[in-house]
Protein chains: 2
Amino acid sequence: MTRQTGRGAASSTPRSVDVARLAGVSQKTVSRVLNGERYVSEDVRRRVLQAAEDLGYRMNNAARALASGRTRSIGVVTLGTALYGPASLLMGIERAVRDTGYALRVVNTVEGDPAGVAGAVGSLLEQGVDGIVVSEPIDEGTSMAELSVDVPVLVIGAPSPFATAHPVTSGGGADLLTRAATQHLLDLGHLTVHHLSGPPRWFAARDRLAAWRAALAAHGASEPPVVEGDWSAASGYAAGRRLAADPSVTAVFAANDDMAIGLIRALAEAGRRVPDDVSVVGFDDIPVAAYVTPPLTTVRQPFDAVAQEGLKRLLHAIENPDADPLPPSDPPVDLVVRSSTAPPPHR
Amino acid sequence: MTRQTGRGAASSTPRSVDVARLAGVSQKTVSRVLNGERYVSEDVRRRVLQAAEDLGYRMNNAARALASGRTRSIGVVTLGTALYGPASLLMGIERAVRDTGYALRVVNTVEGDPAGVAGAVGSLLEQGVDGIVVSEPIDEGTSMAELSVDVPVLVIGAPSPFATAHPVTSGGGADLLTRAATQHLLDLGHLTVHHLSGPPRWFAARDRLAAWRAALAAHGASEPPVVEGDWSAASGYAAGRRLAADPSVTAVFAANDDMAIGLIRALAEAGRRVPDDVSVVGFDDIPVAAYVTPPLTTVRQPFDAVAQEGLKRLLHAIENPDADPLPPSDPPVDLVVRSSTAPPPHR
DNA sequence: CGGATATCTGACTGCGCTGTCATGACTGCG
DNA sequence: CGCAGTCATGACAGCGCAGTCAGATATCCG
């Protein structure tokens, strides 16, 4: 028996009706005050707030959600990793949500594949959320269409697989950053730029790959074969051992900083100096990037800005179901030039 | 008007009563099946599940919570940072929660100070959670006592400020790791070990400081003055500049890897070689630790193990309110020796 | 073979809130 | 002064589930 057996009366946590009684008003009026509705006299408002305070009253959100049909909460689907990117994005989302009066419900997916994301979205829907943020999904979301998602969805870092369904926005996109990184190397005089990509199942990896290609093409540079990593420093190290064997490699754009650091280590061990022989650019600007040897040139992802901007649009879609979605805006580009890049060596 | 105007009838999302109608049973029986209660015939169970499937039925958790008084969700209070430690812990908690059937509600605190934590806990209570995890709070939780917390609370990485209140467990604790790190340096022959601590407001920082002291004392080593950082590589770098000026410094235990990396950079710039002149041990084993120069000797925090163990105890407290809390168990110690430590130089 | 027990099912109720509507009191204005 | 409009409040119903209890069968045992 979970219910309150109304014995002690004082022992059970207070309900709005208790507040009402203490304030000498109706229960509905308590609800009005606590929801900031109009048409409540100053006097009553004060009495109600005082009574609520005195009793230590806390609203029961389950009842509120049931009665109003809104949960005032946002669901987030993320990868279950502590990778700097996804983790930072999650923190950015939390920060962006905090002041809106919404609560956060978080579900991870192990793999981020469509089935996993669909399951996560389903469980969020079941919990009841007014909107959903899908952070950095992997692969196409084909299996998503089957879900009847009747709340707005914001997809960060990938084209929205919900596009056909319901009120939807999408956001993210870091091509400009990749282009800036690649361009930086080309501007230094490198004939071309190699690319150490993330796992191709990730949209983030595919985006950066495509943007790197575009930057090379725009510059008329030839496109060397792509080396594939898995975001980890270990995979960057493995890639570095291969790249070090090829003397034509003078510049590498790594799809994240961890791989860049592993890469640099492998190059150093192979006797290829960075940046004298090979220039390396990373991606993310992780906290230690400025302090590794050599300090890493990288592009900083504006996680907070992306999260805030996306959430603004999601909340807009939630609160104005019939209005057109707000258009996405491009995040700022922030290339941080340190010491891992230099002009190519003379031949 | 949020409510379903029962016009199209088919358009509105299905309720348990719709499932009941389709399966030819009562609504209560649907509830029984979906909650796995006893005393339902196989035949009925199948029909109900089929009907639910056909309708794409999803339970309304707000109603469930209201009726049952349980939300089947766990609230988490974390710092709003992407620091590797807290972020990893959050991921560990998510992983640990996922298979238990509970959902996660996350609230960050900006500062992690008592008032912030109290506010976060309050907002979780308001949302309705069956248990709360407070991850790495800062300072003493004096203001916490005022909150009437009537659910079990697990505090990771700090003594529980709720100790006097209600069913409570606590966990974490990394003294053994710190001792192992310090001991490792002493065993190498260093006369003493300097400490680059985290901000003293953090429990994690105080814990490591105390454990470092204890390890020195146990070894009869003198205790050099503590250098204080803020977890960031930048602060490690600043500390490194100061420590580099003191030739008596031969070994440093940094309270996290980021600071260790900044520290090593500063030492290198000052001409003090690591590990030949100065040995450095970090804390966390961040992903790049093995690939910086030199590869960092560090201790790995068993985030997943801590989260799992703590959650097991929290769930036990939730589901057996009257039973004694399970005793905490010590996490495994994992010292990862790489190349940033060596015997002290000959004098 | 009768009563005791185990199994299965449904009617009814209520969780604590918000939406709707009704009711007064008060204002302004011709 | 009377009627419309604004403001302020309360009564009542119902959101979609799970808890309780009662009733209907089936099973068991002496």
Side-chain angles (χ1 to χ4, degrees), chain A residues 1-6 9 12-48 51-52 55 57-73 125-128 130, chain B residues 1-6 9 12-48 51-52 55-73 101 125-128 130:
Chain A
M1 173 122 143
T2 333
R3 300 189 183 215
Q4 308 286 358
T5 35
S12 113
T13 61
R15 310 303 175 195
S16 65
V17 69
D18 301 316
V19 176
R21 195 157 25 227
L22 182 58
V25 298
S26 75
Q27 182 266 329
K28 173 68 209 186
T29 296
V30 173
S31 166
R32 281 205 183 86
V33 171
L34 265 31
N35 285 297
E37 287 177 33
R38 294 178 3 165
Y39 304 145
V40 181
S41 68
E42 245 335 287
D43 173 49
V44 167
R45 183 181 307 277
R46 258 196 301 274
R47 277 188 0 242
V48 167
L55 292 175
Y57 171 70
R58 264 193 293 265
M59 189 152 50
N60 179 324
N61 243 285
R64 205 241 274 263
L66 182 58
S68 70
R70 297 185 49 204
T71 59
R72 292 167 182 77
S73 70
L125 254 24
E126 193 161 286
Q127 285 181 60
D130 296 341
Chain B
M1 171 122 142
T2 333
R3 301 191 183 214
Q4 309 285 357
T5 35
S12 113
T13 61
R15 312 301 176 196
S16 64
V17 68
D18 301 316
V19 176
R21 196 156 24 228
L22 182 59
V25 297
S26 75
Q27 177 268 322
K28 173 67 208 185
T29 297
V30 173
S31 166
R32 279 203 185 88
V33 171
L34 266 30
N35 286 298
E37 288 178 30
R38 293 180 4 168
Y39 303 146
V40 182
S41 68
E42 242 341 283
D43 173 50
V44 166
R45 183 182 305 277
R46 259 196 300 273
R47 270 174 24 230
V48 167
L55 293 175
Y57 171 70
R58 263 194 292 266
M59 190 151 48
N60 179 322
N61 244 284
R64 204 242 272 264
L66 181 57
S68 69
R70 295 185 49 204
T71 59
R72 293 165 181 77
S73 70
L125 255 23
E126 194 161 285
Q127 284 180 62
D130 295 342

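Expressed to the nearest 0.5 Å, how far CD of B/Q127 lies from CG of A/N60 amounts to 12.0 Å. The CZ atom of B/R47 lies 9.5 Å from the OG1 atom of B/T29; values are rounded to the nearest 0.5 Å. Here the CE-CG distance, from B/M59 to A/L125, works out to 13.5 Å after rounding to the nearest 0.5 Å. Rounding to the nearest 0.5 Å places CZ of A/R15 at 11.0 Å from CZ of A/R58.
Residue B/M59 contributes atom CE, which lies 16 Å from atom C1' of D/dC15 at whole-angstrom precision. Between the CG atom of A/N61 and the P atom of C/dC15 there is a distance of 18 Å, rounded to whole Å. What separates CD of B/Q127 from C1' of C/dG16 is a distance of 17 Å, to the nearest Å. Between the CZ atom of B/R45 and the C1' atom of C/dT9 there is a distance of 13 Å, given to the nearest Å. Between the CG atom of A/L66 and the P atom of C/dT18 there is a distance of 11 Å, given to the nearest Å. Summarising the geometry, the separation between CZ on B/R58 and C1' on D/dC17 is reported as 17 Å, rounded to the nearest angstrom. In this structure, B/R15 places its CZ atom 16 Å from P of D/dG14, rounding to the nearest Å.
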Can you list the steps and then say if B/T71 with B/N61 is a side chain to side chain contact (heavy atoms under 4.5 Å, CB included)? CA-CA 8 Å; B/T71 59; B/N61 244 284; over 6 Å; no

Trace of the side chain to side chain contact (heavy atoms under 4.5 Å, CB included) decision for B/R64 with A/E126: CA-CA 11 Å; B/R64 204 242 272 264; A/E126 193 161 286; 5.6 Å; no

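Across all strands shown, D/dA24 forms a Watson-Crick or G-U wobble pair with C/dT7, both key distances being under 3.5 Å. The partner of C/dG30, taking Watson-Crick or G-U wobble pairs whose two distances both stay under 3.5 Å, is D/dC1.
Against DNA chain C, the stretch residues 19-37 of chain A makes heavy-atom approaches under 4.0 Å through A/Q27, A/K28, A/S31, A/N35.
Across A/R45 and A/G36, no two heavy atoms sit closer than the pair NH1-CA, 4.5 Å. The shortest non-hydrogen separation linking B/L66 to A/A62 is N-CB, 3.9 Å. In this structure, B/L55 and B/P14 approach most closely via the heavy-atom pair O-CG, 3.5 Å.
In this structure, the nucleotide among D/dG19, D/dC17, C/dC17 sitting nearest to the side chain of A/N60 is C/dC17.
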Every protein N/O lying under 3.5 Å from an N/O of nucleotides 4-8 of chain C:
| unit_1 | atom_1 | unit_2 | atom_2 | d |
| --- | --- | --- | --- | --- |
| C/dT7 | OP2 | B/Y39 | OH | 3.1 |

